[in-house]
Amino acid sequence: QHKQSCTSPIYCQGDLLHLVQTAKIFNDSKTFVDMALTVPVNETLTNFYNMMVENDENPSRDTIMEFVRKHFISIGELEEYYPRDFKPEPKIIKEISDPVVRSFAKAIISIWPSLTRKVSYHVIEHPDTHSLIPVDNPFIIPGGRFKEYYYWDTYWILKGLLLSDMMETSRGVVQNLLSMVERYGFIPNGGRIYYLNRSQPPVLTVMVADYVKFTKDFEFLRNNIKTLEKELHFWLEKRSLPITKDGESYILAHYDSSSDTPRPESYLEDIETCSVLKSEDEKYECYTDLKSGAESGMDYTSRWLFDKHDRHSGDLSNIHTRRVIPVDLNAFLYKDFVAMSKFYMILSQPNEAKYWRDVADRWRTAIEKLLYNEEDGIW
Ligand SMILES: OC[C@H]1O[C@H](O[C@H]2O[C@H](CO)[C@@H](O)[C@H](O)[C@H]2O)[C@H](O)[C@@H](O)[C@@H]1O
């Protein structure tokens, strides 16, 4: 029994996804899973299985293309949105004295409206026919093939929005991520259901710290602190593991997707990567480590690769992301725990503040004892 990417029989698993993606209808596997259905899910599946029977379970590439053309469409899920708080020359522009840097900053700021989107009514009314996860507020997309919001991209995006005096948009993008924690218990990698098997580096708590620093909106903090705690408990409970060294026990986190099938948006690519492995079990481990590597946001880096001599070399089929306790992930979490303790001090809740200070202290000790290499002088 496999741990699938998510429950949709169209976008996450099943015969239809497998057939279309392995037929290489599109140059990029992501194109297919970002398309909307033109008819309801059940009708699509019925038509699919009828088409398979009519073609002796072996349809030609042209027949598959025709099926996709009739049942899937690439438009209509997102609307362009002009942010109401956008200013082409926010205060920061006047504070930059170097004319070259000033015009560079203006050029960057001018991009906000072209990357802002909101979810169309069609997605809200018919969520099953889209892979997009609807959210209430407009958001900023990375652009290119990435037409949805991403968790850790939004961390840097928020820094830019705050510097651009776009407080309403800033609040909205943070609220979108908070709503993911309320809905799923964690923040998915990005705003598509096929990302529901993994997160991205945990930066929501420090995003709220950045937002509150700029706005002094302590009511926002008070209203959302339990949601921040919920996300941190996800990392403590689902991504942390005990480690023993010199008779002492510590706890630290690693990236660890909860699914062992190919990424729907990189389906054929993952099958090809893992195909060199001999046993089926090795392939499922490979898929899990590819998804776990994507959870790190660094898809991909030789830090996750180990050859048979335990050297960081080889190709992607040598991926063993879960073996690594990454210092950067654990540093992010340490920063979150410290921020959480400060938040509770601001909210005059000293017991909770002490609880998170203690978690932070234990994390810092573990990072120092386990992740520092004295000999090389590096983390
Ligand atoms: O800018 C968005 C993200 O883009 C890269 O990763 C994403 O694309 C991968 C392939 O389609 C996908 O598997 C991964 O889960 C996505 O996050 C980039 O590596 C990320 O750092 C970045 O957030």
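All heavy atoms count here, side chains included; hydrogens, waters and symmetry mates do not.
Residues Met51 and Pro59 have side chains in contact (heavy-atom distance under 4.5 Å, counting atoms from C-beta outward). Lys369 has its side chain out of reach of Glu248: every pair of non-hydrogen atoms, C-beta onward, lies at least 4.5 Å apart. Counting only heavy atoms from C-beta outward, the side chains of Pro9 and Leu45 approach each other to under 4.5 Å. Counting heavy atoms from C-beta outward, Tyr344 and Lys354 have side chains that stay 4.5 Å or more apart. Under the 4.5 Å side-chain criterion, counting only non-hydrogen atoms from C-beta, Trp379 is in contact with Ile367. Counting only heavy atoms from C-beta outward, the side chains of Glu89 and Lys106 approach each other to under 4.5 Å. In this structure, the side chains of Arg357 and Val338 come closer than 4.5 Å at one or more pairs of heavy atoms. Between Leu17 and Val33 there is a side-chain heavy-atom pair separated by less than 4.5 Å.
Residue Met65 comes nearest to Ile25 through the heavy atom pair CG-CD1, 3.4 Å, listed as atom of the first residue, atom of the second, then distance. Smallest separation of non-hydrogen atoms from Leu161 and Trp112: N-CZ2, 3.5 Å. Among all heavy-atom pairs drawn from Glu269 and Ser29, the shortest one is OE1-OG, 2.7 Å. Leu329 and Pro202 make their closest contact through CD1-CD, 3.5 Å (heavy atoms, listed as atom of the first residue, atom of the second, distance). Residues Ser341 and Ala353 share a closest heavy-atom pair of OG-O, 2.9 Å. The shortest non-hydrogen separation linking Ser302 to His312 is O-ND1, 3.2 Å.
No side-chain donor-acceptor contact under 3.5 Å links Lys24 to the backbone of Gln21. Looking only at distances, no side-chain donor or acceptor of Tyr150 sits under 3.5 Å from a matching main-chain atom of Gly191. No donor-acceptor distance shorter than 3.5 angstrom exists from the side chain of Ser259 to the backbone of Asn197, with no hydrogens or angles considered. Side-chain atoms of Ser164 never come within 3.5 Å of backbone atoms of Ile109 as a donor-acceptor pair (strictly under, hydrogens ignored). A donor-acceptor contact shorter than 3.5 Å links the side chain of Ser199 to the backbone of Ile187. Asp217 places a side-chain N or O within donor-acceptor distance of the main-chain N or O of Phe220, the cut-off being under 3.5 Å. For Asp28 (side chain) and Lys30 (main-chain N/O), a donor-acceptor pair under 3.5 Å exists by modelled atom type. Under the 3.5 Å distance criterion, the side-chain polar atoms of Arg102 are matched with a main-chain donor or acceptor of Ile96. Not one N or O on the side chain of His71 forms a donor-acceptor pair closer than 3.5 Å with the backbone of Thr44. Asp307 contributes a side-chain N or O that, together with a main-chain N or O of Arg311, makes up a donor-acceptor pair within less than 3.5 Å.
Within a 6.0 Å radius of CZ in Arg61, other residues, nucleotides and ligands contribute more than 12 heavy atoms. For CD1 of Ile75, the number of neighbouring non-hydrogen atoms (other residues, nucleotides, ligands) closer than 6.0 Å is 12 at most. Enclosure of atom OH in Tyr121 is not indicated, since only 12 or fewer non-hydrogen atoms of other residues, nucleotides or ligands lie within 6.0 angstrom. Atom NZ of Lys342 is surrounded by 12 or fewer heavy atoms from other residues, nucleotides or ligands within 6.0 Å. The number of heavy atoms from other shown groups lying within 6.0 Å of CG (Asp376) is above 12. Sparse packing is recorded around CZ of Arg364, with 12 or fewer heavy atoms of other residues, nucleotides or ligands lying under 6.0 Å away. Surrounding NZ of Lys213 are at most 12 heavy atoms belonging to other residues, nucleotides or ligands under 6.0 Å away.
A donor-acceptor pair shorter than 3.5 Å cannot be found between the side chains of Asp281 and Ser279.
For Trp356 and Phe337, the distance between ring centers is under 6.0 angstrom. Annotation: Tyr267 is in aromatic contact with His18 [ring centroid separation under 6.0 Å]. No close placement of the Tyr11 and Phe32 rings is indicated, their centers lying 6.0 Å or farther apart.
The hydrophobic cluster containing Leu277, built from Ile/Leu/Val/Met/Phe/Trp/Tyr side-chain heavy atoms closer than 4.5 Å, also comprises Val276. In the hydrophobic clustering (ILVMFWY side chains linked at under 4.5 Å, chained through shared members), Phe104 is joined by Ile108.
Geometric assessment of Arg323 against the ring of Phe306 yields a positive cation-pi assignment under the 6.0 Å and 45° thresholds.
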